[in-house]
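What follows is a short report on a single structure.
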Amino acid sequence: MYFVRGRKVGPCCVLLRGSRPAERTNYGRLRNFSRPADYFCWLNPIGKPMSVRRSSVAALLASQELDREVLVKGWVRTRRGNKFVQFIAVNDGSTIHSIQVVANAETFPEEKLKAEGVENGAAVAIRGTLVASQGKGQTVEIQATDIEVYGAADTTTYPLQKKGHTLEFLREIAHLRPRTNTFGAVLRLRHALAFAVHQYFNDNGFFYVHTPIITGSDAEGAGQMFRVTTLPEQNPPLNEAGQVDYGQDFFGKATNLTVSGQLEGEIAAMALGKVYTFGPTFRAENSNTARHLAEFWMIEPEMAFYDLQDNMDLAEDFLKYLVRYALEKCQDDLKFLTEHYDKELLTRLQFVVDNDFQRLTYTEAVDILKSAKQKFEFPVDWGTDLQSEHERYLVEKHFKKPVILTNYPKDIKAFYMKLDEDGRTVRAMDVLFPGIGEIIGGSQREENLEKLQQRMQEMHVPEEDLWWYLDLRRFGSAPHAGFGLGFERLVLFVTGMANIRDVIPFPRFPRSAEF
RNA sequence: GCUUCCUUAGCUCAGCCGGUUAGAGCAUCUGACUGUUAAUCAGAGGGUCCCUGGUUCGAGCCCAGGAGGGAGCGCCA
């Protein structure tokens, strides 16, 4: 039994008179009661309004259950109105959509809302009634009964305005850009794709292995590496030759951040069958493009008993699964990105899901490029690597679909790729996507010890550093294959963003490691 | 690393042939407005013209060097 204004009331629902929050429907229900009342309220044992569980904006917007008390917490996107009614758009990141909060100006006059800081950017908690919206543009809204400001945001200094910002400007305020519609959408998509990666592999019998981030081998030749050391910056110990003596370093040898988990992935594949890695990767190259990062995330499946054909089948099925997953789970975000950044995005994604990738050999591609009417800045010649313009021609002009190129000349590919019978080409495969270029690079691996050793000698890869890698060919060697998928390039493709720095929360690139 | 373009108000950008007090839209602030959708309308405030040096009677504008950013290329995922 509780007491309200000295009166005994029911166990938790009380009827109150006087000025009431704008809960029309609740008021209507109260007319069934015999006593006169203006509104009801659920109270806790100490007479305070009972706590309502917080709902996400996504859940409220999808709710069919109206005329109930709700609690939402989030950040104000806009506030507007007049001396009769105030509108507050609240977004909590659960969806790209904001929920409209309607505040009766009798209870919440504009001056009061301003004074408390209910403005663009503020963090707020709003209690009220979920009702059908009177206005156009949304089906439900919240009639506010209580507004609490957790943290105000000074309108004169808060960098995010109620207007569009350029992506370049937002890059300078990476700590605030997740609060924008665009980055909310990108980050939700990024999450969905990461989750889908694990889902796909788990459903298909792959095991997730953690390959090292600090590595002692500088062997793969995948590019410049970041050095990892605890030696003092000033006057590090020197060896007899006058060079830095890494024998005295933390690991007793020179170490770097990984440029690929592939070689270690092969170890796991030769035991567990089908494995994948999904982790950060570091390249210290001075790459200044919209497709490169110094720190990025790479997915590298590696499969025992797979040949190049199996590898291609997996890559295509995997990519289609990921795109399909995004199309199913992130409709609202993709719709937003299509409308604001890339009008062709949704049709392009659907096209990738619906159509087979074009598969052809490097040699066939060179023939096509040589007979192309288009003039290229760089000439096409068998034996040289294809330029971006050549890849773009094949994907965007000639085939107009994703392309898998295979069997590249051995001299332009890595030492571990399996040599073809002709001895001129290797069983490599690159998956080329429109706008992105190479999204996947992979190969069947050379499992023959002698052939692998010969390739290593030809390409000056030191055998002593990779004794363990060669052991895999000495003991129970088997055909196997794998590939690397640059996660950010996938996100780039699926979101329709133009710059890879806009699909990772905190991009790392030359001269930039802020945040 | 190479090529090229850019840097003017909080943001996005104009700024003529080198010439008086550097402008607009949005944002901000003030006021008006009975349900708005990046609300609308009226008014106000707001500038190290990226930095350094030079040419000139005079530089936002021309020249040199530096810094930062974009796009393209290379390296690759």
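In what follows, every chain begins at residue 1, and chains take the letters A, B, ... in the order their sequences are listed. Every value quoted in this text rests on a predicted model; they were computed, and no experiment measured them.
Around CZ of A/Arg508, the count of heavy atoms belonging to other residues, nucleotides or ligands within 6.0 Å exceeds 12. In the displayed structure, A/Phe169 atom CZ is contacted under 6.0 Å by more than 12 heavy atoms of other residues, nucleotides or ligands.
To the nearest angstrom, P of B/A77 lies 16 Å from CZ of A/Phe278. Going from atom CZ of A/Phe169 over to atom P of B/G69 covers 15 Å, rounded to whole Å. A/His165 places its NE2 atom 10 Å from the C1' atom of B/A38, with the value rounded to the nearest Å. The nearest whole Å value for the distance from the CG atom in A/Leu170 to the C1' atom in B/G10 is 13 Å. Per the geometry, CG belonging to A/Asp385 stands 6 Å off P belonging to B/C75, to the nearest Å. The CD1 atom of A/Ile173 sits 20 Å away from the P atom of B/G68 (whole-angstrom rounding). To the nearest angstrom, P of B/A27 lies 16 Å from OH of A/Tyr158. We find that CD of A/Gln161 is positioned 9 Å from P of B/U12, with the value rounded to whole Å.
For A/Lys83, counting side-chain heavy atoms from C-beta on, the closest listed nucleotide (B/C33, B/U36, B/C76) is B/C33. For A/Gln100, counting side-chain heavy atoms from C-beta on, the closest listed nucleotide (B/G35, B/A77, B/A38) is B/G35. Side chain of A/Thr166, nearest nucleotide from B/U36, B/G72, B/U12: B/U12. Picking from B/U28, B/G35, B/A77 the nucleotide with the shortest atom distance to the side chain of A/Thr155 gives B/U28. Ranking B/C76, B/C11, B/U36 by closeness to the A/Arg283 side chain, first place goes to B/C76. Nearest nucleotide to the A/Lys162 side chain, out of B/U28, B/C26, B/C75: B/U28.
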**Intra- and inter-strand pairs of RNA chain B in dot-bracket (Watson-Crick or G-U wobble, both distances under 3.5 Å; | for another strand)** = (((((((..((((.....[...)))).(((((.......))))).....(((((..]....))))))))))))....
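At B/G74, none of the side-chain N or O atoms of A/Asn286 fall inside 4.0 Å of OP1 or OP2 (strictly under the cut-off). Dashed line: the shortest gap from a side-chain N or O of A/Gln387 to OP1 or OP2 of B/C73 is not under 4.0 Å. Dashed line: the shortest gap from a side-chain N or O of A/Thr157 to OP1 or OP2 of B/G10 is not under 4.0 Å. Residue A/Arg291 places at least one side-chain N or O under 4.0 Å from the OP1 or OP2 atom of B/C73. At B/G70, one or more side-chain N or O atoms of A/Arg171 fall inside 4.0 Å of OP1 or OP2 (strictly under the cut-off). At the phosphate of B/U36, neither OP1 nor OP2 sits under 4.0 Å from any side-chain N or O atom of A/Lys136. Between A/Lys114 and B/U30, a side-chain N or O to OP1/OP2 separation shorter than 4.0 Å is present. Proximity of A/Arg80 to the phosphate of B/C33: no side-chain N or O atom is located under 4.0 Å from OP1 or OP2. Contact between the side-chain N/O atoms of A/Arg501 and the OP1/OP2 oxygens of B/G69 is not found at any separation under 4.0 Å. Proximity of A/Asn288 to the phosphate of B/G1: no side-chain N or O atom is located under 4.0 Å from OP1 or OP2. Residue A/Thr281 has no polar side-chain atom (N or O) positioned under 4.0 Å from OP1 or OP2 of B/A77.
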**Message:** Please encode protein proximity along nucleotides 41-47 of chain B as a string of B, S and -, counting only heavy-atom distances under 4.0 Å.
**Reply:** -------
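Judged by distance alone with a 3.5 Å cut-off, no donor-acceptor contact links the side chain of A/Glu285 to the base of B/G74. With hydrogens and angles ignored, no donor-acceptor pair closer than 3.5 Å exists between the side chain of A/Glu168 and the base of B/G69. A donor-acceptor contact under 3.5 Å links the side chain of A/Gln143 to the base of B/G35. Under 3.5 Å, the side chain of A/Gln138 and the base of B/U36 form at least one donor-acceptor pair of N or O atoms.
Stacking between A/Phe84 and B/G35 is absent: the aromatic ring centre is not both under 5.5 angstrom from the base six-membered ring centre and within 30 degrees in plane angle.
Taking the six-membered ring where the residue is Trp, A/Tyr362 and A/Trp382 present perpendicular rings, their angle passing 60° and hence far from 30°.
Checked for salt-bridge contact, A/Arg427 and A/Asp307 miss the test: no charged N lies under 4.0 Å from a carboxylate O. With respect to A/Lys73 and A/Asp92, no salt bridge is recorded, no charged nitrogen being found less than 4.0 Å from a carboxylate O. Taking a cutoff of 4.0 Å between a charged side-chain nitrogen and a carboxylate oxygen, A/Asp332 and A/Arg188 do not qualify as a salt bridge.
Proximity of a side-chain donor or acceptor of A/Arg79 to a complementary backbone N or O of A/Gln86 within less than 3.5 Å is not detected. With hydrogens and angles disregarded, no donor-acceptor distance shorter than 3.5 Å links the side chain of A/Asp313 to the backbone of A/Glu316. Counting only distance, with no hydrogens or angles, the side chain of A/Glu69 and the backbone of A/Arg127 share no donor-acceptor pair below 3.5 Å.
The separation of B/C29 from B/G15, taken at their P atoms, amounts to 31 Å, rounded to a whole angstrom.
Counting only N and O atoms by type, the side chains of A/Arg68 and A/Ser63 include a donor and acceptor under 3.5 Å apart.
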